[in-house]
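Please read the structure below before turning to the comments.
Every value quoted in this text rests on a predicted model; they were computed, and no experiment measured them. Naming convention: chains lettered A, B, ... in sequence-line order (proteins, then strands); numbering from 1 in each chain.
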There are 2 protein chains.
Amino acid sequence: MHSQNLINVITDALPGLNKSEAKVARVILSDPDAATQSSIATLAKKASVSEPSVNRFCKRFDAAGFPDFKLKLAKSLASGIRFVNRNVDPDDDVGSYTPKIIDSTINTLALVRDKISHPRVNQVVDCLIQAKRIYFFGLGASGSVARDAENKFFRFNLPVSSHDDVLMQRMLASTGGTGDVFFIISHTGRTKEVVEVAEIARSNGSTVIGLTAADSPLAHMSSVTLDVDVPENTDEYMPMASRIVHLVILDVLATGVTLRRGPDFLPHLEKIKNSLKPTRYRSES
Amino acid sequence: MHSQNLINVITDALPGLNKSEAKVARVILSDPDAATQSSIATLAKKASVSEPSVNRFCKRFDAAGFPDFKLKLAKSLASGIRFVNRNVDPDDDVGSYTPKIIDSTINTLALVRDKISHPRVNQVVDCLIQAKRIYFFGLGASGSVARDAENKFFRFNLPVSSHDDVLMQRMLASTGGTGDVFFIISHTGRTKEVVEVAEIARSNGSTVIGLTAADSPLAHMSSVTLDVDVPENTDEYMPMASRIVHLVILDVLATGVTLRRGPDFLPHLEKIKNSLKPTRYRSES
DNA sequence: TAATTTACGTAATTTTATTACACATCAAAG
DNA sequence: CTTTGATGTGTAATAAAATTACGTAAATTA
């Protein structure tokens with residue numbers, strides 16, 4: 001749906017290119033940002049080729065012409081470069097690290113938006129709708145994600161609970177059965193305890209939904225996996241982006257469930273919302 | 001600093017624009033993507049102004065000329081930020097509501113990135129660094145944010161805890177004193193219980209940090225407020241974006257604290273990270 | 001309402017991109 | 001080795017797009 005990064009496309013195509021096209025490619029790749037700002041003449045001179053060669057190069061990569069190509073290149077850079085170069089430096093000040101962290105979260109979300117499998121989401125919504133009972137499990141940072149999920153899904157009038165205690169998780173998994181859904185959240189998908197819990201749940205006939213990394217042990221153990229590949233490169237020491245992604249995916253799922261329930265369900269949500277009113281100071285608006 | 005989204009810049013500048021510049025602005029805002037693909041002539045005609053007017057418009061927004069402007073616009077669009085708030089329709093399917101929700105989260109984050117007060121962040125980091133003890137308080141959805149914060153800040157070797165029990169919060173607030181920091185998270189900032197807890201804490205000489213809406217009762221009661229104005233319009237029935245924003249701001253604060261601690265502190269974080277290794281299945285990479 | 005500034009458009013100019021075509025290079029077949 | 005056809009590349013002409021210079025209209029101020 002969203003186009004792949006142009007830089008990668010060009011890099012991949014490089015070996016199969018003509019002499020002059022390859023020259024152009026190399027010049028562009030060596031400084032893509034400069035390329036977006038030069039005219040066709042400048043670029044042609046830099047690559048020691050003629051202007052029409054540059055033009056042909058552009059058309060080869062599905063652009064209408066040179067300006068269109070520059071546009072596409074610029075877009076690729078905007079979504080790509082931030083990723084690469086936006087790590088927090090030890091000597092950053094507030095003004096630098098604040099936008100960097102927020103940007104990297106934004107980028108991750110944009111990535112997930114373009115990569116997430118819609119049929120899979122649908123499938124999970126199905127599971128959740130049909131569930132007799134839903135358990136949200138997570139450890140560490142994913143524990144609070146699970147808790148948040150509980151806070152969201154209890155509104156659907158379903159028996160929902162969240163647990164971050166491994167023993168509790170094991171016990172619940174072993175007493176569950178058909179119709180029970182165990183929604184397990186784990187960034188790595190490699191935590192032994194969690195995978196074991198998934199195994200126990202499966203062996204008792206429960207459905208296990210894994211919100212976790214693709215191809216991880218947990219992913220393989222789950223009935224349905226919502227896989228999220230979050231490059232946690234921004235930050236070496238604490239989970240950051242993955243939590244956020246998990247939460248947003250849970251928002252998506254909750255929305256999916258709400259929509260499936262149809263408009264008749266809205267009054268119920270309204271009721272919950274109103275129940276909080278007396279706890280609040282009146283808004284001046 | 002200069003990462004400000006062009007679309008927002010134009011929107012903000014709109015009221016102060018000349019007649020024809022405003023016309024151009026409106027045409028661009030109504031379909032920014034189309035604008036990046038049109039020639040200056042097309043755009044001028046669409047806006048019923050002359051070509052030089054479009055050109056002047058571009059220069060006003062710090063572009064070298066029309067092509068440069070288009071480039072910048074394209075970059076703004078590509079950086080993951082979709083314009084206008086796209087609300088979920090009752091008859092949306094997975095393919096529609098999934099990107100809508102993610103986009104609206106992205107939008108909100110971009111807004112916060114551009115609006116958040118850096119000095120204020122710095123001030124809060126100061127407080128947290130100097131704290132003898134930190135309590136994270138929240139109710140409902142903010143409860144899990146508080147819990148997440150605990151999970152993040154315990155790594156700094158500080159006595160940290162999180163609480164979502166009102167009575168517990170009251171008791172802790174009343175037994176605190178100078179050097180204690182109460183970090184209170186609340187989307188609305190109008191929950192009576194929470195504001196009262198803040199009041200109690202303040203009256204005992206503790207520092208209260210409010211992560212909440214500007215101008216809310218809680219904001220007024222806090223020693224320092226990190227105010228976040230999140231238009232929770234996307235969704236009537238559940239808090240969505242605000243949670244995420246709170247979490248990301250906590251990421252920012254945690255980063256601030258880490259950087260202040262300096263490089264000597266990294267081994268400690270490394271140690272915590274390594275402590276989890278034995279709980280994991282080995283990665284095949 | 002006259003003076004002055006600011007806003008806007010017309011038309012000329014310049015820059016930039018594309019097309020048409022011719023020459024060159026290379027590979028395979030004679 | 002040619003010859004032939006195919007593909008690749010550049011030159012020059014043409015078209016498109018953007019910018020500039022300049023003049024007139026509108027708005028603002030005194």
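Between C/dA7 and B/S53, no contact under 4.0 Å exists linking OP1 or OP2 to a side-chain N or O. For the OP1/OP2 pair of D/dG10 and a distance below 4.0 Å, the side-chain nitrogens and oxygens of A/K19 include no atom meeting the criterion. Phosphate contact (OP1/OP2 of D/dT7, side-chain N/O of A/N18, threshold under 4.0 Å): absent.
At whole-Å resolution of the value, CG in B/L17 and C1' in C/dA7 are 12 Å apart. Straight-line distance from the CZ atom of B/F69 to the P atom of D/dA18: 13 Å, rounded to whole Å. Taking atom CD of B/E21 as the reference point, atom C1' of C/dT6 lies 11 Å away to the nearest angstrom. At whole-Å resolution of the value, CZ in A/F57 and P in C/dT18 are 14 Å apart.
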Please write out each protein N/O paired with an N/O of nucleotides 10-17 of chain C under 3.5 Å, distance rounded to 0.1 Å.
{"unit_1": "C/dA17", "atom_1": "OP2", "unit_2": "A/I40", "atom_2": "N", "d": "2.4"}

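Remark on the helix from C/dT1-D/dA30 to C/dG30-D/dC1: inter-end axis angle 20°, axes from five-pair C1' superpositions, rounded to 10°.
Among the heavy atoms of the strands, none lies under 4.0 Å from B/K23.
Ion pairing between a basic and an acidic side chain is recognised when a charged N comes within 4.0 Å of a carboxylate O; A/K72 and A/D62 show no such pairing. A salt bridge links A/K75 with B/D33; the closest basic N to acidic carboxylate O contact falls under 4.0 Å.
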### Task
Evaluate the ring-ring contact (aromatic ring centres under 6.0 Å, His included) criterion for residues A/F69 and A/F57: first the C-alpha distance (whole Å), next the side-chain angles of each, then the deciding distance (0.1 Å), finally the verdict.
CA-CA 9 Å; A/F69 177 85; A/F57 172 89; 5.6 Å; yes
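When each of D/dT20, D/dG10, C/dG9 is scored by its nearest atom to the side-chain atoms of B/K59, the top-ranked nucleotide is D/dT20.
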